[in-house]
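Please read the structure below before turning to the comments.
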Amino acid sequence: MASGRRQYPFHLIEPKWQERWEDQKAFRAFNPGEDIPADHAFAKRHALSGAVSADQLPPKFYVLDMFPYPSGSGLHVGHPEGYTGTDILARYNRSKGNHVLHPMGWDAFGLPAEQYAVKTGQHPRISTEANVANFKRQIQSLGFSYDWTREVNTTDEKYFKWSQWIFLQLYNSWFNPETNKAESIDKLPCPEELTTEKQKREYRDSKRLAFVSHAPVWWCEALGTVLANEEVIDGKSERGNHPVVRKPMRQWMLRITEYAERLLDDLDDIDWSHALKEMQRNWIGRSEGAEVDFEIADYQDDDGNAVKLRVFTTRPDTLFGATYMVMSPEHELVSKLTSAEKKEEVEDYIAEAGKKSDLERTELAKDKTGVFIGAHAINPVNGERIPIWISDYVLATYGTGAIMAVPAHDTRDFEFAEKFELPIIQVVQPPSEDTPWQGYTDHGTSVNSTTSDLSLDGLSTSEAKAKITEWLESKKLGTKTINYKLRDWLFSRQRYWGEPFPIIWKKDEDGEPYHEALPESDLPVVPPPLEDYKPTSTGEPPLARAQEWVNLPDGSTRETNTMPQWAGSCWYYLRYLDAANEGALAGKQAESYWMGADKGAKPGVDLYVGGTEHAVLHLLYARFWHKFLYDLGCVSTTEPFFKLVNQGIILGEDGQKMAKSRGNVINPDGVVDEFGADAFRLYEMFMGPLEMMKPWSTKGVEGVYRFLGRVWRLFADDVSSRAFEQACTAEPDKAAAHLETVKLNAAIEDVEATPEQLKVLHGAIKKVTEDLDHMRFNTAISAMMVFVNEANNWEKLPTSAMKTFLILLQPFAPHIAEELWAKFDDDSGLSLPYQPWPPFDEAHLAEDEIELPVQVNGKLRDRITVSASATDEEIEKAALASEKVQQFLEGKEIKKVIIPRKKLVNIAAK
RNA sequence: GCGCAUAUGGCGGAAUUGGCAGACGCGCUACCUUGAGGUGGUAGUGGGGAGACCCGUGCAGGUUCAAGUCCUGCUAUGCGCACCA
């Protein structure tokens, strides 16, 4: 326990101001056209009232936190780290005169609530509501200036109506590669050869941005659901670390791959960290190369046509070095091409590969396996017959599912060729003679690549690529191709606690099922109540249990899958703009004001802060939906989040990751109880740069807490403070009333600040302002500490300077700042959070005399004091006159004297 | 294996275009107040040396009048991806 006595009465101050802010709706943001009460501080600050158009409103500043999943264990110190940073900037911008949008909400669909429901039979809404209430209490105890009228909850049917609405638009759209954007499915041109309604329907269904797939998906037995690629890590589920297996199932998918190029290109326009952009680039995984057709030797299809095996390669320049081909075991041509004598061996291998999980496939990566299938292909450049193998090192899901193997210049092909003793031919010469060519995969010079028709020899790798690609295209043997690692997004889950799809299933004249969208007027589709939230015994999702809900009067049935948790978090930042709008996900005016780039504002969310764990999943999905909504005309920017910052992880006091099992978890409630919300906020920011990983230190909290105590004692009168404490001891239940008896320090007087005081004050203003502009919260706090340390030595404390300091302190420690501010008679009529941010005046920082360090050959030898107006010549003279300097110059010849920007003197001598 | 980030006192971290390394805070030492302790205050605190001085920003080089900062090559830690042809 740190102390018996409090540094200052934060326990009375903090609830008092939190209540007041709520009563006054102090942090409401007003949409264009909304009625602004004349007595609201925002109205007074900007001389506005009533309904105001977007042009009349001050510039917007949209500062956003990643909304939390309200778990049962409550807030963790990592959450408020980002929230405090954004709150400081929200308050700073409010003070600067911007119109701040700073909202909070709940990403409340999710597996833990559902698993709890399975266990207890209680509807997940009940536990969700309790968790939300607890999270909200904790967040509010920290004094964040959110506009709670805009609170959203993804499980609220008024909210998920619009999640379902976006899905409907995806369902009703296709991606036109010509225009590079989504368009209505009604405008999809249908090939003429499709005549029947069924054919046309199937064609349309194959083009929708939301479509049904029967491809193998990741099935997690323990979670009872399928997972997206991105939710599977090393063959285990991201949540819970359960094993997953590959299994073909009917699933809804979203065609995110159509947006790959735009998702990649537009990264250039946004202010995200380099590291984060790289992660997204890697995930999208664009690679440029060529698809090349290899004719199969001695083989025709049933119609007597030649059959071709198509491969993708990023190194078409190495085509002459292709000595064998490899197909993935799942490749559709495998069964056709396998010779009779190899059939058994090949089938065994396929069965064996199918049994392996992906984990096993990668763990065994070093040891290549494979089988020759008894067929050959013809290398199109030189007519060589090369054997075709199958191996699980070739993935069915990337490129064409088959490769040409160039063992000399590809590590995997090299390992495979060595193991199976396949020929290795050099076709690239490394730049250095000393580098062995075997297994050399970098660029070099082409060799051994000549026929009567074509020669690459002597060309650099990039020249050779260009030449061979052109040659292949001219001979119709191949085409330039771009491939992406990004896969379509698996969008359905076999869960209860998620958004139901606005989709029904019908049967056509052949008795085959097909899907149809529900009309918008049917939204929201609300999940039915259940007694049992487990999947059914046949593996169907839990919604299938609600037979009355599933079966519609006309004989059609509802889709029983639900959407993944990402659905709600993909667009919540848009709902905040106009959270109560029942006619649209966000009104046009509100959207263009808050997200638009008018009046020099940043396009999209000005600042988005959250954990790095969402570097690919949430941030890629949200960008995809945003671009889709842009195509639809629903949003006015191509990107949702202009600037994004990842806060670093906070470690336990032992330097280890916080975990219940280690017993090193810090509970914010405990810290707030002991030191107060202001100290908590201040410490979270004082620890170090926001983006860095850093360990918690209770001693460090005590340090900033002591600072706030010094602030309190600087402003509060000693005698009345002591009287207040005694009164509180005597009448603890009247403590709040006694707080009002604390008077302002008598040393605070309405006097002119001295030049020395102005220098200290403006130094602090300058440092805090510049640091806030660059999110350097830790150094801004240290600047305020310096001010307080200085002010403690002052005999008289000028009112104006002390009030200005409180404006600086307010964003960081708003409660104590408000309490002290209230002790002044302020006639501005504005509450503290709306006080104009003080400008700093460089004139006050100027000095009459400056002290300069003098170096000889780069080593500090003396300091000299000169007039601030001294010329370089005068400074040089003064420096050379110094005795100490002369000692070091003895016997040396002065080569040069450097005086850069009057910062120091360096004498170079020999 | 590939990509990215980071490396500064006993600790968290400062050092804005290359210009006084260690701001601010923690811890520690001494003293004052209190006097049982804690709180509060003052002074000191990178290492070595009695001292003039010398050495110091993960390691090794380089550029420069001047390098924590720029360049080259390493090492360690963290994160991401991982048979992506």
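In the text below, chain A, chain B and the rest are named by the order of the sequence lines, each starting its count at 1.
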What's [X] touching, base or sugar-phosphate or nothing? Going by heavy atoms closer than 4.0 Å.
X	answer
A/Thr314	sugar-phosphate
A/Arg713	sugar-phosphate
A/Arg286	nothing
A/Glu770	base
A/Met693	sugar-phosphate
A/Ser287	sugar-phosphate

How many whole angstroms separate atom [atom1] of [X] from atom [atom2] of [N]?
X	N	atom1	atom2	answer
A/Lys694	B/rC26	NZ	C1'	17 Å
A/Leu708	B/rG40	CG	C1'	16 Å
A/Phe675	B/rU39	CZ	C1'	13 Å
A/Met785	B/rA14	CE	P	14 Å
A/Asn789	B/rG41	CG	P	9 Å
A/Lys699	B/rG27	NZ	P	5 Å
A/Lys485	B/rA82	NZ	C1'	7 Å
A/Met692	B/rA7	CE	C1'	10 Å

Parallel, tilted or perpendicular: rings of A/Tyr705 and A/Tyr8 (30°, 60°):
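Because their plane-to-plane angle lies in the 30° to 60° range, the rings of A/Tyr8 and A/Tyr705 count as tilted.
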Relative to each other, are the rings of A/Tyr440 and A/His409 parallel, tilted or perpendicular (30° and 60° limits)?
perpendicular
Hey, are the side chains of [X] and [Y] touching, using non-hydrogen atoms and a 4.5 Å cut-off?
X	Y	value
A/Lys759	A/Glu790	no
A/Asn778	A/Met687	no
A/Phe686	A/Met785	yes

For a quick test of reading the model: is some side-chain N or O of [X] closer than 4.0 Å to OP1 or OP2 of [N]?
X	N	answer
A/Asn778	B/rA14	yes
A/Arg706	B/rC26	yes
A/Arg722	B/rG40	no
A/Gln7	B/rG40	yes

Within 45 degrees of the ring normal and closer than 6.0 Å to the centroid, is that where the cationic atom of [X] sits relative to [Y]?
X	Y	answer
A/Lys368	A/Tyr393	yes
A/Arg310	A/Phe312	no
A/Arg623	A/Trp272	yes

Counting N and O atoms only, with roles assigned by atom type, does the side chain of A/Gln280 sit under 3.5 Å from a partner on the main chain of A/Ala615, one being a donor and the other an acceptor?
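A pair under 3.5 Å: yes.
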Quiz item: A/Lys903 side-chain donor-acceptor pair to B/rC20 base, under 3.5 Å
no
Decide yes or no, distance alone: a donor-acceptor N/O pair under 3.5 angstrom between the base of B/rU17 and the side-chain of A/Arg901.
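Yes, a donor-acceptor pair under 3.5 Å.
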Taking the [atom1] atom in each of [N] and [M], what is the distance between them to the nearest angstrom?
N	M	atom1	answer
B/rG73	B/rA52	C1'	39 Å
B/rC24	B/rU8	C1'	15 Å
B/rG41	B/rU34	P	16 Å
B/rU64	B/rC74	C1'	23 Å
B/rG56	B/rG22	P	16 Å
B/rU63	B/rG80	C1'	34 Å
B/rA66	B/rG47	C1'	23 Å
B/rC59	B/rA76	C1'	10 Å

Options [options], nucleotide nearest the side-chain atoms of [X]:
X	options	value
A/Phe312	B/rA85, B/rC83, B/rG78	B/rA85
A/Leu904	B/rA85, B/rG19, B/rC4	B/rG19
A/Thr779	B/rU39, B/rA14, B/rC65	B/rA14
A/Pro853	B/rC65, B/rA23, B/rC20	B/rC20
A/His274	B/rC4, B/rA85, B/rC20	B/rC4
A/Tyr398	B/rG40, B/rC53, B/rA85	B/rA85
A/Trp283	B/rC81, B/rA14, B/rG25	B/rC81
A/Asp410	B/rC83, B/rG19, B/rA85	B/rA85
A/Asn906	B/rA85, B/rA15, B/rA66	B/rA66
A/Arg863	B/rA85, B/rC20, B/rG13	B/rC20

Chi-based syn or anti call at B/rG9, which uses purine or pyrimidine torsion atoms and a 90° bound
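Here B/rG9 takes the syn form, which means its glycosidic angle is within 90° of 0.
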More 5' along RNA chain B: A/Ile907 or A/Arg776, using each one's nearest nucleotide?
A/Arg776
Reading RNA chain B from 5' onward, which residue's closest nucleotide shows up sooner: A/Gly399 or A/Gly688?
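Closer to the 5' end of RNA chain B: A/Gly688.
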Distance, nearest 0.5 Å, that separates CD1 of A/Ile350 from NE2 of A/His331:
12.0 Å
Give the dot-bracket line for RNA chain B from 5' end to 3' end: parentheses for intra-strand Watson-Crick or G-U pairs under 3.5 Å, square brackets for crossings, | for inter-strand pairing, dots for unpaired.
(((((((..(((......[....)))((((((.......))))))(((....)))..(((((..]....))))))))))))....
Run the numbers on A/Asp862 and A/Lys884 for salt bridge (Lys or Arg N to Asp or Glu O under 4.0 Å), then give the verdict.
CA-CA 6 Å; A/Asp862 198 11; A/Lys884 278 192 167 179; 5.0 Å; no
